[in-house]
Amino acid sequence: VGMVGAYDGQASLRMSDTGIPVYPRTVTIVNDELGADFMEFMGTKDVCLLKGHGMTTAGKTVEEATSNSLTLFRFARMNYLGQAIGGPREVPDIEEHRARWTDERPRWGGRKGTSTEPSGWRHERRRLEEYFND
């Protein structure tokens, strides 16, 4: 089972709307001064790329930070594949997607589950379990 298919739409829109910052330094962050510099650069963003080192993600919970990490990984993969076929294409109905995440109407038919886990995390957890159990 590959890590392809659906992704966290809300996080994806948030990342694409505000951009993904790339920390301009390539040094390893090994002390409080560098850590403070990096945190100031990252600001309130949920994700940040570090040149030559990978990514950092944040969230209100471990699950949210993990979901952000997986979403950014899929963004990077989709961008790479888009470049390989001649460049990324625009999403034709992006405004409709944004409206679904900013207004009060139900996004997917209004069904409510009984789990206390955030729905995005339930989805990611199942995908990770499938991936690592293959």
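All residue numbers in this chain count up from 1 along the given sequence.
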Distance (rounded to the nearest 0.5 Å) between [X] [atom1] and [Y] [atom2]:
X     : Y     : atom1 : atom2 : result
Thr56 : Leu50 : OG1   : CG    : 4.5 Å
Lys60 : Asn68 : NZ    : CG    : 10.5 Å
Asp46 : Leu72 : CG    : CG    : 10.5 Å

Q: Check the hydrophobic clustering (I, L, V, M, F, W, Y; side-chain heavy atoms under 4.5 Å; chains of links allowed) and say if Tyr80 and Ile20 are grouped together.
A: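 No; Ile20 is not reachable from Tyr80 via cluster members.
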Q) If two hydrophobic side chains count as joined below 4.5 Å and joins carry through other members, does Val22 share a cluster with Val47? A)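 The answer is yes; both residues are in one hydrophobic cluster.
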With a cut-off of 3.5 Å and sequence neighbours excluded, list every side-chain donor-acceptor pair involving residues 23-37.
residue	atom	partner	partner atom	Å
Tyr23	OH	Asp37	OD2	2.5
Asn31	OD1	Glu33	N	3.1
Asn31	OD1	Leu34	N	2.8

Q) So which heavy atom on Thr57 is nearest to which on Met55, and how close? A)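 In terms of heavy atoms, the two residues are closest at CG2-SD, 4.1 Å.
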(Q) So which atom in Gly59 and which in Ala65 form the shortest heavy-atom distance, rounded to 0.1 Å? (A)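 Answer, listing the atom of Gly59 first, then Ala65: N-CB, 3.8 Å.
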Q: Write out all pairs satisfying ring-ring contact (aromatic ring centres under 6.0 Å, His included) with one or both partners inside residues 45-65, taking only residues at least two apart or from two chains.
A: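 Qualifying pairs: none.
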